[in-house]
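By convention here, the first residue in the shown sequence is residue 1. In each ligand, atom 1 is the first atom listed, and ligand 1 is the first ligand listed.
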Amino acid sequence: MAPWGYSKENGPATWHKDCPIANTGVRQSPIDLITTGQTCAKYDSNLKPVIVSYPAFSEATFLNNGHSVQFQPSAGNLSELSGGPLTKKYKFEQFHFHWGNNDSEGSEHRVNGKMYPAELHLVHWNSESPNFSSFQEAVGSNDPHALCVLGFFLKVGAENASLKPITDLLSKVKNAGSSVSFPGKFDLKAVLPETLTDYYTYDGSLTTPPLAECVKWIVFKEPIEVSTAQMEAFRAVDDGHGKPITGNYRPPCPLHTRTVAASFK
Ligand SMILES: NS(=O)(=O)c1ccc(NCc2ccco2)cc1
Ligand SMILES: [Zn+2]
């Protein structure tokens, strides 16, 4: 079976062949975040702001793995996440993106059916669990909150100077399987909105194989702006079959009995 991807032959509708949980799972991601009506997100006044401690990364690899571009700091990085719905501290593992062929599609989560042109995922793992001591072990642990992924929508607007070092590097990892060591320091904190107070949170999964149902999802209401040129740079990255990656997003999955909480009214 050809490795999974996003084409007709190996896309989300085929993933169940190698990954049965794609069709049998009851806490799959992404989902459509509905804000009104019966199954809508419910305001929870106990939800506190998310706290991130992201000292500028000094050593990292930027990789095109054929289905996304991923920024991965060296193991020594001390970046941490806590607060929000979390009861433990999480360690930063990597960030990557999902995007579309045009500005009307690309995000994985949706808000009342609306897609944004892209979505940034900041991936973390619970560093206080006695059951695992690495990201890979966390994914395989069956712990319902082994991972926490912060999702930020991208929308087209002004150029994002904080993300420019990343979008300027996309041409250097055009070919699938290529990677570069990130030159200099990268300040991820500067990319994010100042206040991490308004978000949706729910229990879900990885949105790509192995689709493990071990993720506490935190999706922020406020999109991050990037320019059209920055969006176009993503659409020039190749998928390893001589074609650009122009839609590496999984469609929304059934909510089943899950509820979505909102930290804002
Ligand atoms: N889009 S995402 O944030 O849900 C996400 C995040 C991380 C992985 N990792 C996949 C993996 C590597 C080893 C075991 O598993 C896959 C998907
Ligand atoms: Zn992702």
Side-chain angles (χ1 to χ4, degrees), residues 3-6 10-12 15 18-22 25 27-33 50 52 60-73 75 79 81 86 90-100 105-110 115-127 129 131-154 163 166 177 179 188 191-192 199-220 223-224 234 237 239 245-253 258:
W4 64 270
Y6 293 91
N10 64 8
W15 292 353
D18 275 350
C19 231
I21 202 167
R27 53 170 287 186
Q28 289 289 291
S29 292
I31 60 173
D32 188 350
L33 298 159
V50 169
V52 292
T61 301
F62 193 56
L63 158 77
N64 169 354
N65 55 28
H67 43 83
S68 185
V69 290
Q70 185 168 301
F71 178 97
Q72 179 130 20
S79 299
L81 162 70
L86 305 170
Y90 286 68
K91 268 198 184 315
F92 179 85
E93 173 70 15
Q94 50 102 332
F95 70 74
H96 63 272
F97 300 84
H98 301 263
W99 62 89
E105 58 174 53
S107 64
E108 297 215 289
H109 290 89
R110 304 182 187 192
M115 268 191 270
Y116 286 85
E119 189 170 328
L120 164 62
H121 288 161
L122 310 184
V123 182
H124 308 75
W125 57 277
N126 177 353
S127 61
S129 166
N131 306 322
F132 46 80
S133 52
S134 74
F135 167 75
Q136 310 280 350
E137 284 177 3
V139 173
S141 72
N142 275 324
D143 175 317
H145 300 144
L147 303 185
C148 178
V149 182
L150 305 186
F152 292 89
F153 295 119
L154 266 55
L163 266 179
I166 296 291
S179 67
L188 176 57
V191 172
L192 312 185
Y199 56 84
Y200 303 97
T201 184
Y202 75 97
D203 288 350
S205 73
L206 298 178
T207 65
T208 69
L211 300 172
E213 296 187 326
C214 63
V215 182
K216 173 60 86 177
W217 274 96
I218 302 175
V219 180
F220 290 87
I224 293 172
F234 284 104
V237 171
D239 68 356
I245 301 175
T246 58
N248 54 353
Y249 58 93
R250 187 190 192 189
C253 306
R258 290 178 288 179

Enquirer: Suppose I only count heavy atoms of Gln136 and a 4.0 Å limit; which atoms of ligand 1 are within that range?
Expert: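 Reading through ligand 1 atom by atom, the close ones are 13 (C), 14 (C).
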Enquirer: Counting each atom of ligand 1 from 1 as listed, which ones have a heavy atom of His98 under 4.0 Å away?
Expert: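 It comes down to these atoms of ligand 1: 1 (N).
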Enquirer: Report the C-alpha distance between Asn126 and Phe132 in whole Å, list the side-chain angles of each, state the deciding distance to 0.1 Å, and finish with yes or no for side-chain contact (heavy atoms from CB on, under 4.5 Å).
Expert: CA-CA 8 Å; Asn126 177 353; Phe132 46 80; 4.0 Å; yes
Enquirer: Which residue supplies the protein heavy atom nearest to atom 17 (C) of ligand 1, what is that atom called, and how far is it?
Expert: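 Of every protein heavy atom, Thr208 OG1, 3.3 Å lies nearest to atom 17 (C) of ligand 1.
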Enquirer: Give me the nearest non-hydrogen protein atom to atom 3 (O) of ligand 1 as residue plus atom name, then the distance to 0.1 Å.
Expert: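 Among all protein heavy atoms, the one nearest atom 3 (O) of ligand 1 is His96 CE1, 3.2 Å.
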Enquirer: Are any of the heavy atoms in Glu93 under 4.0 Å away from ligand 1?
Expert: no
Enquirer: Mind checking whether Trp125 has a heavy atom under 4.0 Å from ligand 1?
Expert: no
Enquirer: Check each of Leu211, Asn65, Thr207, Val123 against atom 2 (S) of ligand 1 and report the one with the nearest heavy atom.
Expert: Thr207
Enquirer: How wide is the angle at the Zn ion (ligand 2) between NE2 in His98 and NE2 in His96, to the nearest 10°?
Expert: 110°
Enquirer: Does any N or O in the side chain of Trp125 come within less than 3.5 Å of the main-chain N or O of Ser133, such that one atom is a donor and the other an acceptor?
Expert: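 Absent.
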Enquirer: Between the main-chain N or O of Thr61 and the side-chain N or O of Gln72, is there a donor-acceptor pair closer than 3.5 Å?
Expert: no
Enquirer: Taking Asp203 first and then Arg258, would you say they form a salt bridge - that is, a charged N and a carboxylate O separated by under 4.0 Å?
Expert: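 Salt bridge between Asp203 and Arg258, a charged N being under 4.0 Å from a carboxylate O: no.
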Enquirer: Atoms of ligand 1 less than 4.0 Å from Gln94 heavy atoms?
Expert: 7 (C)
Enquirer: Give the C-alpha distance, both sets of side-chain angles, the deciding distance and a yes or no for side-chain contact (heavy atoms from CB on, under 4.5 Å) between Ser29 and Tyr202.
Expert: CA-CA 10 Å; Ser29 292; Tyr202 75 97; 2.8 Å; yes
Enquirer: Just how far is it from atom NE2 of His67 to atom CG of Asn10, taken to the nearest 0.5 Å?
Expert: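 The distance works out to 10.5 Å.
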Enquirer: Provide the number and element of each atom of ligand 1 under 4.0 Å from a heavy atom of Pro210.
Expert: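 Matching atoms, with element in brackets: 15 (O).
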Enquirer: In terms of ring plane angle, is the pair Phe153 and Tyr116 parallel, tilted or perpendicular, where the classes change at 30° and 60°?
Expert: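 Answer is parallel, since the angle falls under 30°.
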Enquirer: Determine the interplanar angle of the His121 and His96 rings, folded into 0 to 90°, and report it as parallel if under 30°, tilted if 30 to 60°, perpendicular if over 60°.
Expert: perpendicular
Enquirer: Taking the inter-plane angle between the rings of Phe97 and Phe234 on a 0 to 90° scale, is it parallel (under 30°), tilted (30 to 60°) or perpendicular (over 60°)?
Expert: tilted
Enquirer: Which atom name would you report as the N, O or S atom of His121 nearest the Zn ion (ligand 2)?
Expert: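 Output for this pair reads ND1.
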Enquirer: Considering only protein heavy atoms, which is closest to atom 9 (N) of ligand 1, and at what distance to one decimal place?
Expert: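 Going by distance alone, atom 9 (N) of ligand 1 is nearest to Phe135 CZ, 3.8 Å.
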Enquirer: Classify the contact between Leu206 and ligand 1 as side chain, backbone, both or neither, using a heavy-atom distance cut-off of under 4.0 Å.
Expert: both
Enquirer: Suppose I only count heavy atoms of Val139 and a 4.0 Å limit; which atoms of ligand 1 are within that range?
Expert: 14 (C), 15 (O)
